[in-house]
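Take a look at the structure below.
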Amino acid sequence: AAFLRNRSVGAMAPGRQLLNHMRTEGVGGFEAWRKATMGVAAKVHAWVDKAGVTPDHVLVDGGSVLQAFGLRRAGDTDLLWVEPDSPAAAEKLRGQLQAAGFGDHNGYLQREDREDAIFNPERHFSLYGVKMLALEEVKRCKLARDEADFAKDILDVVGIDGLLALGGA
């Protein structure tokens, strides 16, 4: 993990938390973890470049964060992003995001809370140049959701709690 500490992970509290709590067994070992997390980062970077989005205005959420911590493999990649003020521009960007295969999680947080998560370094970490929502924030979002995946969300929350209990937050 030393190479991550020096080059690829943000140094704020959520980034240190990744270094302290990451387990790769849940995703098939270190090489599988590295390939999966680098794949997510490459996909996000490619979409940001193609869509002309400011890279600092995008944040990975959900299962990809759990994958980064080694809790489970991600089924997809979900994003929180800064919506343009123009409704037409926001819808165009949303369409591009979905066409690129990303899930749109903007509906889970109010705009002010979403933008605070994106810009406040205490609420995210950076991995391979991509912002990822802090683990406690993923837990909070999963607890607030009321969806068909509720049972899976509860299992994710139990996994988060277990991981954090291993060495403190």
Side-chain angles (χ1 to χ4, degrees), residues 1 3-24 27 33-85 89-90 93-145 153 156-157 159-160 163-164 169:
F3 79 95
L4 292 174
R5 188 177 355 267
N6 295 328
R7 295 189 299 175
S8 300
V9 177
M12 297 301 291
R16 287 192 308 271
Q17 186 179 65
L18 176 69
L19 292 172
N20 291 333
H21 296 291
M22 180 182 78
R23 306 287 184 264
T24 60
V27 294
W33 172 87
R34 187 182 63 76
K35 182 178 178 182
T37 54
M38 288 180 80
V40 167
K43 183 177 176 183
V44 171
H45 286 297
W47 177 72
V48 162
D49 290 344
K50 184 176 181 180
V53 175
T54 304
D56 200 38
H57 289 193
V58 177
L59 179 80
V60 174
D61 180 23
S64 292
V65 175
L66 300 180
Q67 179 175 274
F69 277 88
L71 286 170
R72 67 169 172 84
R73 293 174 195 244
D76 60 1
T77 301
D78 302 310
L79 299 180
L80 296 170
W81 48 286
V82 176
E83 292 184 23
D85 290 331
L93 198 54
R94 181 173 284 109
Q96 292 172 334
L97 180 138
Q98 292 168 341
F102 291 105
D104 178 8
H105 273 201
N106 274 8
Y108 294 127
L109 297 174
Q110 295 295 321
R111 182 178 188 138
E112 200 171 278
D113 191 30
R114 180 176 62 243
E115 290 185 5
D116 185 63
I118 292 169
F119 295 115
N120 181 345
E122 293 298 322
R123 294 184 66 189
H124 66 261
F125 61 96
S126 179
L127 183 62
Y128 298 118
V130 173
K131 289 181 180 180
M132 296 190 143
L133 194 62
L135 197 57
E136 289 89 353
E137 297 290 329
V138 172
K139 176 183 172 180
R140 185 173 66 92
C141 289
K142 287 189 172 284
L143 288 172
R145 291 188 342 167
D153 286 346
D156 288 341
V157 168
I160 291 168
L163 185 68
L164 293 175

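- Atom CH2 of residue W33 and atom CE of residue M38 lie 9.5 Å apart, to the nearest 0.5 angstrom.
- When all heavy atoms of D56 and F119 are compared, the closest pair comes out as O-CE2, 3.7 Å.
- Residues N106 and L80 approach most closely at OD1-CA, 3.3 Å, considering heavy atoms.
- For W81 (side chain) and L59 (main-chain N/O), no donor-acceptor pair under 3.5 Å exists by modelled atom type.
- The aromatic rings of F69 and F125 sit perpendicular to each other, their planes meeting at more than 60°, with 30° as the lower class boundary.
- Scanning both residues, T37 and A68, for their nearest heavy atoms gives CG2-CA, 3.9 Å.
- Using a distance-only test at 3.5 Å, with no hydrogens or angles considered, a donor-acceptor pair links the side chain of Q67 to the main chain of A74.
- Looking only at distances, no side-chain donor or acceptor of H57 sits under 3.5 Å from a matching main-chain atom of V53.
- The local environment of CG in D85 is sparse, with at most 12 non-hydrogen atoms from other residues, nucleotides or ligands closer than 6.0 Å.
- Scanning all heavy atoms of the two residues, the minimum distance from E83 to R114 falls at OE2-NH2, 3.8 Å.
- The distance from atom CZ of R140 to atom CG of L133, rounded to the nearest 0.5 Å, is 8.0 Å.
- To the nearest 0.5 Å, the span separating OH on Y128 from NE2 on H45 amounts to 11.0 Å.
- When atom types are taken as modelled, the side chain of K131 and the backbone of I118 share a donor-acceptor pair closer than 3.5 angstrom.
- Q96 and A51 make their closest contact through OE1-CB, 3.6 Å (heavy atoms, listed as atom of the first residue, atom of the second, distance).
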| request: Carefully, step by step, assess E136 and R123 under the rule salt bridge (charged side-chain N to carboxylate O under 4.0 Å, His left out). | output: CA-CA 8 Å; E136 289 89 353; R123 294 184 66 189; over 6 Å; no
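- For the pair H124 (side chain) and V130 (backbone), a donor-acceptor distance under 3.5 Å is absent.
- Between V48 and V58 the shortest heavy-atom distance is CG2-CG2, 4.0 Å.
- Checked options V44, L79, V40, D78; the residue passing with S64 is V40 (criterion: side-chain contact (heavy atoms from CB on, under 4.5 Å)).
- Distance alone, capped at 3.5 Å, places no donor-acceptor pair between the T77 side chain and the V60 backbone.
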